[in-house]
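Below is one structure; the comments refer to it alone.
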Amino acid sequence: MNSEILFRPFSLKSLNLKNRVVMAPMTRSFSPNGVPTEDVANYYGKRAKGEVGLILSEGTVIERVSSSNDQNVPHFYGEKALAGWQNVINKVHDAGGAMGPQIWHMGVMDNHHSGWVPAAPFEGPSGLNRPGFNNGNTMTDADIADTIAAFGRAAADAKRLGFETVEIHGAHGYLIDQFFWDATNLRTDIYGGKTLAERTRFAVEVIKEIRRQVGDDFALIIRLSQFKPSAYTNKLAKTPQEMEAWLNPLADAGIDIFHCSQRRFWEPEFEGSDLNFAGWAKKLTGKATITVGSIGLTGEFMAAFAGESSQPSSLDELVRRMDRGDFDLVAVGRPLLADPFWVQKIHEQRTSELKGFSVEALSQLV
Ligand SMILES: Cc1cc2nc3c(=O)[nH]c(=O)nc-3n(C[C@H](O)[C@H](O)[C@H](O)COP(=O)(O)O)c2cc1C
């Protein structure tokens with residue numbers, strides 16, 4: 001396997017990356033009361049040392065009372081949490097890395113198994129997490145305006161602390177995705193609508209506010225998925241035309257890079273072409289894209305949560321698609337969760353040292 005293409009530099013606005021490998025955002029829940037600890041900073045610092053081109057943080061929540069269902073998920077607001085993030089980015093920079101926080105509002109959630117609940121009910125476009133499961137409030141205009149402002153503040157703070165980019169979490173059935181999905185957005189006001197294009201309104205306003213806060217030269221990423229954990233086969237956009245009507249308003253509002261989440265990167269998005277989600281997003285918007293999903297592993301991540309182990313696998317298909325120009329960057333999750341030096345091992349062709357992934361890796365930060 002010739003993985004040289006993964007090690008070409010990449011530049012876009014505030015991003016100057018030494019290679020094309022991105023650490024995918026992965027929730028670890030090791031930040032008590034929302035404050036990233038020294039262990040968290042060391043965890044990210046090690047990935048920078050291990051030659052990851054761009055680190056995306058675990059989802060870190062914005063300043064809304066019910067933006068999280070987990071007491072140990074980091075906040076991206078408040079003096080203590082932001083001091084924790086300052087420590088994180090300093091360690092990453094000391095090791096020669098680049099990083100962006102993934103800013104997140106979970107929207108309407110299941111209650112966490114720990115029993116912890118936020119001080120206000122969960123909130124979303126229509127109180128729904130999925131069809132038939134209402135576990136929160138329908139957001140008012142004032143809630144929406146305050147949430148948009150909170151996203152903007154988080155992005156401004158990320159830039160002020162020295163992060164190179166910000167990723168907006170618009171995927172996987174959380175708040176922004178709850179607005180996209182007709183099954184969870186039943187609104188009849190300007191934030192609802194029959195078409196996916198109409199339901200991009202909330203995301204567009206979030207992006208515009210962030211862009212207003214960070215200026216034109218700061219690279220802005222949004223993560224999107226067609227699937228939800230509650231609906232693997234869901235397609236928000238059922239045709240390339242619908243995908244174009246979904247993504248172009250986001251690009252026009254200020255997105256530079258689409259991070260296209262799939263469980264398996266090789267799966268075609270639409271019939272009649274082998275292009276995956278990132279391939280279509282690049283083709284339809286002309287923007288840079290990131291692909292992700294079971295790169296270098298035999299099994300996918302949702303099955304991993306249920307206990308399925310994965311073994312290392314070839315990167316040939318990834319390289320073939322990248323060579324063809326389908327996407328610009330590739331995000332790797334579980335391999336980098338388990339092994340800070342995965343990228344270095346690929347670079348130095350030390351393939352016999354690559355590890356698989358099993359669920360036990362989640363129990364500690366290595
Ligand atoms: C432990 C764990 C936590 C995750 N947390 C997040 C998250 O906070 N935000 C997000 O967008 N995706 C999250 N994901 C999904 C990953 O970013 C990635 O898309 C997925 O693991 C597929 O990549 P992989 O096959 O290389 O692991 C998580 C995945 C894992 C394994």
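All ligand and atom numbering here is 1-based and tracks the order in the structure.
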Next item on the list: Indicate yes or no for a side-chain donor-acceptor contact from N137 to the backbone of M139 under 3.5 Å, with no hydrogens or angles considered.
Entry: no
Notebook entry, point to check: Would a distance-only check, ignoring hydrogens and angles, find a side-chain to backbone donor-acceptor pair under 3.5 Å from S67 to H105?
Noted result: no
Note to self: Within the structure provided, determine whether K355 and P312 are in side-chain contact (heavy-atom separation under 4.5 Å).
What the structure shows: no
Ligand 1 N/O to protein N/O, distances under 3.5 Å:
residue	atom	partner	partner atom	Å
ligand 1	5 (N)	T27	N	2.8
ligand 1	8 (O)	T27	N	3.4
ligand 1	8 (O)	T27	OG1	2.6
ligand 1	8 (O)	G59	N	3.3
ligand 1	9 (N)	Q102	OE1	2.9
ligand 1	9 (N)	H169	NE2	3.4
ligand 1	11 (O)	Q102	NE2	2.9
ligand 1	11 (O)	H169	NE2	3.2
ligand 1	11 (O)	R223	NH1	2.8
ligand 1	12 (N)	P25	O	3.3
ligand 1	12 (N)	R223	NH1	2.9
ligand 1	14 (N)	P25	O	3.3
ligand 1	17 (O)	P25	O	2.7
ligand 1	17 (O)	R223	NH1	3.0
ligand 1	17 (O)	R223	NH2	3.4
ligand 1	19 (O)	R223	NH1	3.3
ligand 1	19 (O)	R223	NH2	2.9
ligand 1	25 (O)	S294	N	2.7
ligand 1	25 (O)	R334	NH2	2.7
ligand 1	26 (O)	G333	N	2.8
ligand 1	27 (O)	R334	N	2.9
ligand 1	27 (O)	R334	NE	2.8

Check: For K18, does the NZ atom sit with more than 12 other heavy atoms under 6.0 Å from it, leaving out its own atoms?
Finding: yes
Note to self: Are there over 12 heavy-atom neighbours, none belonging to K283, within less than 6.0 Å of that residue's NZ?
What the structure shows: no
Note to self: Less than 4.0 angstrom from a charged side-chain N to a carboxylate O is my criterion; do E205 and K208 meet it?
What the structure shows: no
